Amino acid sequence: METLLRLAIQKSGRLQEGSLELLKEAGLAVNNSRDQLKARARNFPVEVLFLRDDDIPQYVEDQVADVGIVGENVFLEKKRRNHIIRKLDFARCRLSIAIPRSEQYTGITWLEGKNIATSYPVIVKDFLSKHGISAGIHEISGSVEIAPGIGLADAICDIVSTGSTLLSNGLKEVEQVMRSEAVLIGGSSLEPDKQAILDKLLFRIEAVKSAHNNKYILLNCPNEAIQKITSVIPGMNSPTIMPLSKPGWSSLHSVVDENDFWEKIDLLKSFGAQGILVIPIEKMIA
Ligand code: PRT
Ligand code: ZN
């Protein structure tokens, strides 16, 4: 029987789209019709299991799944025998403590002796004990943000993304407990043929992620500026330079990191670059 790497992803919710999108960009054709529990990629030895995110760390520990995609917050909360294989750079959010806007927050000691409602009791307990605070923790599984309003708790600890849920519930964020993003987790070590499939998948994920972080850049510049410009955008190896039909001018092609993109553009302009074109890269293999 053919060896398959079993990858658990969220069945429905905030991680599902990003997980499927990543697999698609990595070239895996996965059918996802509603109500199915698993799907075999048509062109890659991976079987995708669709599960509730909270259950994924356990399934990975029990080797029902070989690897899984969850939020870092869930990974930390579940404290299973899992490790992070790779951060995946989507579903970014933070886990924060929030209190009613009308309260005056005096620092972390404000929380001493208070009641905190959360779906993340393990993480909150760790955070409080790290700061020497003792507070009651009230575990609830959903709609945590309404707890202070109905008198269930003095504070909450929940996922924040834009902050609009807190705002519309009259709460303000006072402590950031952790930052989170989607992560690929694994359990115990894999048999060699599964590890080989995982390595192949990771290679593809790497190509997809570096493509997202880089742009292809084309520009025209006077020949005197080529050296200076090359020092700013050296590219993967070195830029491609082609003469323009206009004497003394060249066209230069390279790759630029998305993160310091705008600063570099300003610099390139000051060196005399013109006609700058920036194009997304589909895949990038160093
Ligand atoms: O059904 P299942 O158990 O699988 O899903 P779930 O309901 O437990 O999880 P889901 O789909 O809501 O979230 C899955 C993961 O997405 C979380 O564990 C986080 O790692 C990540 N994530 C990213 C978020 C958010 N952004 C987010 N905004 N998870 C939840 N929220 C919620 C938050 O709980 C709050 O209610 O959105 C609200 C806050 O959003 P803002 O934009 O108003 O601040
Ligand atoms: Zn969940």
Side-chain angles (χ1 to χ4, degrees), residues 6-23 30 32-39 48-62 64-65 67-80 82-101 116-127 137-150 152-153 155-186 209 212:
R6 289 159 310 172
L7 164 66
I9 68 170
Q10 193 186 26
K11 187 172 169 58
S12 68
R14 288 186 168 84
L15 294 171
Q16 202 223 22
E17 195 188 323
S19 304
L20 287 171
E21 176 70 19
L22 176 64
L23 297 181
V30 180
N32 86 303
S33 55
R34 278 176 191 285
D35 307 325
Q36 69 183 348
L37 297 174
K38 53 186 186 175
V48 180
L49 310 179
F50 299 95
L51 299 168
R52 279 200 60 198
D53 67 344
D54 313 72
D55 298 335
I56 291 175
Q58 177 81 61
Y59 277 99
V60 170
E61 180 180 289
D62 295 344
V64 175
V67 292
I69 297 177
V70 290
E72 227 171 321
N73 49 304
V74 168
F75 161 75
L76 268 185
E77 178 67 24
K78 298 299 175 188
K79 280 210 161 91
R80 294 291 166 191
N82 296 154
H83 61 277
I84 295 180
I85 299 170
R86 196 194 198 285
K87 299 204 176 195
L88 295 175
D89 211 26
F90 65 89
R92 286 182 181 282
C93 56
R94 52 197 191 272
L95 186 64
S96 292
I97 294 180
I99 66 171
R101 235 183 350 242
I116 306 173
T118 187
S119 309
Y120 299 94
V122 172
I123 298 176
V124 175
K125 219 170 279 172
D126 281 357
F127 176 79
I137 295 174
H138 198 102
E139 184 178 353
I140 46 181
S141 58
S143 302
V144 173
E145 64 280 356
I146 66 169
I150 59 172
L152 193 65
I156 67 162
C157 182
D158 199 13
I159 302 281
V160 182
S161 169
T162 61
S164 69
T165 302
L166 294 184
L167 195 69
S168 61
N169 284 280
L171 301 171
K172 61 181 175 189
E173 194 175 352
V174 292
E175 298 285 344
Q176 184 178 299
V177 175
M178 68 174 290
R179 291 187 163 281
S180 177
E181 65 187 91
V183 292
L184 181 68
I185 59 168
K209 293 300 175 189
H212 285 176

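Computed from a predicted structure; not experimentally measured. Atoms within each ligand, like the ligands themselves, are counted from 1 in listed order.
Set against the non-hydrogen atoms of Ala91, the atoms of ligand 1 under 4.0 Å away are 23 (C). In summary, the atoms of ligand 1 found under 4.0 Å from a heavy atom of Asp54, numbered by their order in the structure, are 3 (O), 8 (O). Residue Asn73 approaches ligand 1 through these ligand atoms, each under 4.0 Å from one of its heavy atoms: 17 (C), 18 (O), 19 (C), 20 (O). Counting the atoms of ligand 1 from 1 in the order shown, those under 4.0 Å from a heavy atom of Thr162 are 41 (P), 42 (O), 43 (O), 44 (O). Close contacts of ligand 1 with Val74, meaning ligand atoms under 4.0 Å from a residue heavy atom, involve 18 (O). Close approach of ligand 1 to Gly71 is summarised as follows: ligand atoms under 4.0 Å from at least one heavy atom of the residue are 20 (O). Annotation for ligand 1: atoms under 4.0 Å from non-hydrogen atoms of Gly13 are 11 (O).
The closest heavy-atom contact to atom 35 (C) of ligand 1, among the options Val160, Ile159, Ile156, Ile69, comes from Ile159. Proximity annotation for atom 40 (O) of ligand 1: of Ile9, Asn169, Thr165, Thr165 comes nearest, heavy atoms only. Of the listed options Arg14, Glu173, Glu17, Arg14 places a heavy atom closest to atom 31 (N) of ligand 1.
No side-chain donor-acceptor contact under 3.5 Å links Asn73 and Glu77. Side-chain atoms of Glu173 and Ser96 form a donor-acceptor pair, as typed in the model, at a separation below 3.5 Å.
In terms of modelled atom types and a separation under 3.5 Å, the side chain of Thr118 and the main chain of Ile156 share no donor-acceptor contact. A donor-acceptor pair under 3.5 Å is formed between the side chain of Ser180 and the backbone N or O of Glu72. Distance alone, capped at 3.5 Å, is enough to place a donor-acceptor pair between the Arg6 side chain and the Val64 backbone.
The neighbour count for Glu21 CD, taken as heavy atoms of other residues, nucleotides or ligands under 6.0 Å away, is above 12. The 12-atom threshold is not exceeded at OH of Tyr59, counting heavy atoms of other residues, nucleotides or ligands nearer than 6.0 Å.
Within a 4.0 Å radius of atom 29 (N) of ligand 1, the protein contributes at least one heavy atom.
If you run side chain to side chain contact (heavy atoms under 4.5 Å, CB included) between Val67 and each of Ile185, Ile85, Ile56, Ile9, only Ile85 comes through. Only one option out of Asp54, Asp62, Asp55 pairs with Gln58 in a side chain to side chain donor-acceptor pair (under 3.5 Å); it is Asp62.
With a heavy-atom cut-off of 4.0 Å, Cys93 touches ligand 1 through its side chain alone. Contacts of Gln10 with ligand 1, taken as heavy-atom pairs under 4.0 Å, involve the side chain alone. Residue-level proximity to ligand 1 for Val70 is absent, since no heavy atom of it falls below 4.0 angstrom.
Protein atoms of type N/O/S that fall under 2.8 Å from the Zn ion (ligand 2) number 2 in this view.
Contact check for Ile146 versus Asn169: side-chain heavy atoms found under the 4.5 Å cut-off. Between Lys87 and Val183, the closest side-chain pair of non-hydrogen atoms falls below 4.5 Å. At a threshold of 4.5 Å between non-hydrogen side-chain atoms, the residues Leu152 and Ile140 count as touching. Residues Pro148 and Ile99 have side chains not in contact (no heavy-atom distance under 4.5 Å, counting atoms from C-beta outward).
At the shortest separation from atom 8 (O) of ligand 1 among protein heavy atoms lies Asp53 OD1, 3.3 Å. In this structure, the protein non-hydrogen atom closest to atom 1 (O) of ligand 1 is Arg52 NE, 3.8 Å.
In this structure, Lys78 does not pair ionically with Glu61, as no charged nitrogen and carboxylate oxygen lie closer than 4.0 Å.
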